[in-house]
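Quick note on labels: first sequence line is chain A, next is B, and so on, each numbered from 1.
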There are 2 protein chains.
Amino acid sequence: MSKNTEATPKRTRGESANRIFKALREEILSMQLGPGQPLDEVSLAERFGVSRSPVREALVRLAAQGLVNTLPNKSTIIAPLNIEEFPQYIDALDLLQRATHRLAATLRNDADLADIDLCQQQFTQAVKEGDVVAMIERNQAFHMAIANASHNNYLAKSYASLLDEGRRILRLYFRSYNDTLPPELVVEHDRIIGAIRNQDADLAESLAHEHSQEVKTRFLEYMATSHTSGIKVI
Amino acid sequence: MSKNTEATPKRTRGESANRIFKALREEILSMQLGPGQPLDEVSLAERFGVSRSPVREALVRLAAQGLVNTLPNKSTIIAPLNIEEFPQYIDALDLLQRATHRLAATLRNDADLADIDLCQQQFTQAVKEGDVVAMIERNQAFHMAIANASHNNYLAKSYASLLDEGRRILRLYFRSYNDTLPPELVVEHDRIIGAIRNQDADLAESLAHEHSQEVKTRFLEYMATSHTSGIKVI
DNA sequence: TGAATACAGTTTGTATACTAAGAGCGTTTT
DNA sequence: AAAACGCTCTTAGTATACAAACTGTATTCA
């Protein structure tokens, strides 16, 4: 193993715990760190070139967000993603998505629209380049820009945590298709933008609903597919 | 066979941070610790008889829940509750409350109903005794029992964080009326229980909506009341 | 007199040291 | 030979030590 640490030379005081938190969070959400994988405090400290203290702070924050599970006196592991709760997840996502997108259509201002456009632009770019990880991230940013345009922090915060949870499932889903990206996602986003720009709340909610149901359908199809049917077991 | 560790009272290791977290959380939500009040790590460590390490862990977890704000290199303070966002808060609470209570009416089982009944019993007791802090806590437990009966962890978790946030506002509200408790709250809860027991989803949602709107109306009336109108300034 | 700076005190952020709780493995005891 | 005991090793939880940043005050200089 390389002894190369990720320690930054400037290391502003009070930022190292935050730095580790964001780095680990990104690796967990992008599935570079798989569910169930143990996280050792000492090796993390070595990797980031700090002591265990900021590492522990980062782990506590990750645990508070449900991204890792702390086994008392043993280790902390990447939180498993329980696929069996997927229908419930979609129900919750659908509700919050409809609510935020409907409110956004009513309450959005010019600055909100500009933010949304920018996110969509970056999303489109990621799809074009076939960068799945970036696409998932930009997709989340796009919907969060809309949620912020709803001007309801409470709904936006709940919605954000659901989108976080979903990033790992989406990663799993696209990975199963060798990371090919369907370009119709861009069109769907464009339609949502149009509804919000025209302040058509009913249409925005309806499109948000279709969008979440589409995710549900696609993922359930993927789950129903037998990936081992071509393998002879006897 | 492993030993029954629950029986041994010396399970202290690994619990002190959790103990401090729960104690501080309760004091914040019950407004014993007022918004804006600074929390000093050293005095907290002295108070709980531990070092700063578990205290810091508790503070980090509280910060993750939004109950305290960490000012870098300075202090952590109890998070201010921003009354100006109250209408947005009620919007969010209303949405999640309707969703969870509707789902609960459809999906509840006998164990759920027993839990809800127990919470309502404890809530009634607190109202009878005029114990406002206990009443607010039991009210939250009652609605969370219903949310758990919805069998959707994602919605329940979002709803729980909103109820947490609301505990402080409710405390503020009742304190302004010298902690007198209106007994009709018990009746409203009983009606909700009836709808859920009868699996009347529409009624359960409707009652949940009325319930949240009632909180909104009462609180806005309270906010609109001029508490200084009897004081001559000139 | 007023502003700027240096100094001291306080408190957080990080590093390190110490302790206890499990996990693995070998030895001992029937 | 099998189960129980104990040894060691690893790792998390806690305590303590040290360093950096912010606050306030007092002194100095214009």
Trainee: Has A:S16 got a side-chain N or O lying under 4.0 Å from the OP1 or OP2 atom of C:dG13?
Mentor: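 False: A:S16 side-chain N/O out of range (4.0 Å or more) of C:dG13 OP1/OP2.
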Trainee: Are B:R138 and B:D131 ion-paired here, with the side-chain N under 4.0 Å from a carboxylate O?
Mentor: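 Between B:D131 and B:R138 there is no salt bridge, as every charged N stays at least 4.0 Å from the carboxylate O atoms.
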Trainee: For the pair made of CD in B:E41 and P in D:dT14, what is the distance, rounded to whole Å?
Mentor: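 Result: 15 Å.
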Trainee: Which ones in residues 58-76 of chain B lie close to DNA chain C, meaning a heavy atom under 4.0 Å from one of its atoms?
Mentor: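 The stretch gives B:N73, B:K74, B:S75 as the residues lying under 4.0 Å from the strand, ordered by number.
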Trainee: Rounded off to whole Å, could you give me the CZ-to-C1' distance for the A:F48 and C:dT14 pair?
Mentor: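 Spelled out: CZ on A:F48 to C1' on C:dT14 is 16 Å.
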Trainee: Under 4.5 Å between any side-chain heavy atoms of A:I196 and A:I146, yes or no?
Mentor: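 A side-chain contact under 4.5 Å exists here.
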Trainee: Rounded to whole Å, how long is the line connecting atom CZ of B:R52 with atom C1' of C:dA15?
Mentor: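 These atoms are roughly 12 Å apart.
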Trainee: Between A:D179 and A:R171, is there a salt bridge with N-O shorter than 4.0 Å?
Mentor: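 So A:R171 pairs with A:D179 through a salt bridge.
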Trainee: Here's a test of your reading of the structure: between B:V42 and A:S53, which maps to the more 5' nucleotide of DNA chain C?
Mentor: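 Result: B:V42.
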Trainee: Check the distance between D:dT16's P and B:E46's CD and give it to me in whole angstrom.
Mentor: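 After rounding, the gap between these two atoms is 12 Å.
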Trainee: Take the protein atom CD of A:E15 and the nucleotide atom P of D:dA20, then report the distance between them rounded to whole Å.
Mentor: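 Spelled out: CD on A:E15 to P on D:dA20 is 17 Å.
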Trainee: Rounding to an integer number of Å, can you tell me how far B:I20 CD1 sits from D:dA15 C1'?
Mentor: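 Going from B:I20 (CD1) to D:dA15 (C1'), I get 13 Å.
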Trainee: With distance as the sole criterion, is a donor-acceptor pair present between the side chains of A:N152 and B:E85 under 3.5 Å?
Mentor: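 Result is no, nothing qualifies.
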Trainee: In this structure, how many angstroms lie between the C1' atom of D:dA15 and the CZ atom of A:R56, rounded?
Mentor: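 Result: 12 Å.
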Trainee: Atom CD1 in A:I28, atom CD in A:Q37: separation rounded to 0.5 Å?
Mentor: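 So the gap between those two atoms works out to 9.5 Å.
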Trainee: Establish, with yes or no, whether the OP1 or OP2 oxygen of D:dA15 is under 4.0 angstrom from a side-chain nitrogen or oxygen of B:S51.
Mentor: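 For D:dA15, OP1 or OP2 has a side-chain N or O of B:S51 closer than 4.0 Å.
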Trainee: Scan side-chain atoms only and decide if A:Q140 and A:D164 contain a donor-acceptor pair under the 3.5 Å cut-off.
Mentor: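 Yes.
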Trainee: Do A:Y159 and A:Q97 have a side chain donor and acceptor closer than 3.5 Å?
Mentor: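 Side chains of A:Y159 and A:Q97: pair found under 3.5 Å.
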Trainee: D:dT11, C:dA15, D:dT14: which one has an atom nearest the side-chain heavy atoms of A:D40?
Mentor: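 Between D:dT11, C:dA15, D:dT14, the one nearest the side chain of A:D40 would be D:dT11.
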